[in-house]
Visitor: 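What follows is a single structure, and I will ask about it in a moment.
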Amino acid sequence: MKILLVAGARPNFMKIAPLIDAIKKHPSIHPVLVHTGQHYDEKMSGLFFHELGIPEPDVNLEVGSGSHAVQTAEIMTRFEPVLLEQKPDCVLVVGDVNSTIACGLVAVKLGVRLIHVEAGLRSFDRDMPEEINRILTDSISDILFCSEPSGVGNLLKEGVPEEKIHLVGNVMIDTLLRHRDKAEKSLILDDLQLREKKFAVATIHRPANVDDEGTLTRIMSVLHVIGNDAPVVFPIHPRTKQRLASWNIKNDPEKIIFTDPLGYLDFLKLVSSACVVLTDSGGIQEETTILKVPCLTLRENTERPCTVEIGSNQLVGTDPEKILSAYQAVQRGKIKAGNIPPLWDGNAAERIVTVLRNH
Ligand code: UD1
């Protein structure tokens, strides 16, 4: 069986890595890796391939940045000839980025079976580009692998036949568990002069939070207030960096320590050593759940409800008062202990390969 795997943006890389490892154990499956080039900076892409031991992509479409339409169309245009040449038995896409839907659509139109890993997640917020990508990708997929029970429920409600759906656990957590020991050796705390559990971590990059000047200004001001209490380390996404510069939103480096986007191991060490994480990322809600670090999600909704129901995550929105009072509650020791969701045990990729071999 020839399987073509697609990776495009930073959150895809930690999902693809364990799948390639699991596939390599079965000589009957021949993997071909395509990088769309949606993310292309060394710190957003190359570093992850190196740290996670992902092989060099067989093909790089080098699409780069653009508006949603331009980026999605460019990926489709460049992916189609690759698919025609490679003639795989199936295409596997992960997550919810533009590369996911673009390559998925090309595959099904050419009659190639489509596999979606991390299917069924729903924020029920159609203003999020990722929600549109999730709904569309799931609706055209032939095999759908879910990371949490809510995904299965959502797909069944949308009319996806039960036999197409498999609850297998979380491939992102496979990667985390595999790299935890190595991350312990990271020197990031020394480099940034931080003490264990005496600092917070923030990552903010969602369009809803950073593309509106008022919202971004309010978030930055509450992070400064928190920074009076504990320094806030903020690895900054290129989109957020551009917005802060264009609106001239100032920063006090004593309170908020900006860094470039960090590699996987440094970031894992940073998060596991933080007293609290403030984020609008999807994957970080899951990672903090496994690490049992309190997570305040600066969004009104989450497509990963098990991190709230079972894990250490709380939805706090973007109202500065709510964020601050949630932070203060954590500092007073009101910490949600949290448990580990079912099947988040490091073996999701193996389960996926077993299902694929049985097909
Ligand atoms: C994408 C995903 C989002 C994911 C995020 C993780 C979609 C719709 N969104 O958003 O779900 O959480 O990745 O990072 O696919 N840029 C660089 N260097 C890069 C890549 C991007 O400087 O290597 C800059 C460009 O100016 C670009 C901007 O970042 O315009 C945004 O990049 P883009 O790929 O459009 O979306 P993200 O915001 O990264």
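These figures come from a predicted structure and were not determined experimentally. Positions are given from 1 along the sequence.
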Visitor: I'd like to check Met128 versus Arg134 (side-chain heavy atoms, cut-off strictly below 4.5 Å). Are they in contact?
Guide: yes
Visitor: Are more than 12 heavy atoms from other residues, nucleotides or ligands located less than 6.0 Å from atom CG of Asp181?
Guide: no
Visitor: With sequence neighbours left out, what residues match Asp252 under salt bridge (Lys or Arg N to Asp or Glu O under 4.0 Å)?
Guide: Lys255
Visitor: For residues 196-204, please give each side-chain donor-acceptor pair under 3.5 Å, one per line with the distance, not counting sequence neighbours.
Guide:
residue: Lys197; atom: NZ; partner: Ser272; partner atom: O; Å: 3.0
residue: Lys197; atom: NZ; partner: Ala274; partner atom: O; Å: 2.9
residue: Thr203; atom: OG1; partner: Thr279; partner atom: OG1; Å: 2.7

Visitor: Which residues pass the salt bridge (Lys or Arg N to Asp or Glu O under 4.0 Å) test with Arg239, not counting sequence neighbours?
Guide: Asp211
Visitor: Given Lys25 and Glu350, is the salt bridge (charged side-chain N to carboxylate O under 4.0 Å, His left out) satisfied, shown in steps?
Guide: CA-CA 10 Å; Lys25 292 183 194 152; Glu350 301 286 348; 2.5 Å; yes
Visitor: Can you tell me if Lys2 has over 12 outside heavy atoms packed within less than 6.0 Å of its NZ?
Guide: yes
Visitor: Which pairs count as side-chain hydrogen bond (donor to acceptor under 3.5 Å, both in side chains) when at least one residue sits in residues 261-271, sequence neighbours excluded?
Guide: Glu184-Lys269, Ser186-Asp266
Visitor: Once ring pair (Phe, Tyr, Trp, His ring centres under 6.0 Å) is applied, do any residues pair with His35, and if so which ones, sequence neighbours excluded?
Guide: Phe13, Phe49
Visitor: Quick one: do Glu286 and Asn170 satisfy side chain to side chain donor-acceptor pair (under 3.5 Å)? Show the steps, please.
Guide: CA-CA 9 Å; Glu286 301 181 333; Asn170 192 325; 3.0 Å; yes
Visitor: Please answer whether the main-chain N or O of Val308 pairs with a side-chain N or O of Lys336 as donor and acceptor at a distance below 3.5 Å.
Guide: yes
Visitor: Taking ILVMFWY side chains as joined if any heavy atoms are under 4.5 angstrom apart, and letting links pass through other members, which residues group with Val152?
Guide: Leu144, Leu155, Leu156, Val160, Ile165, Leu167, Leu343
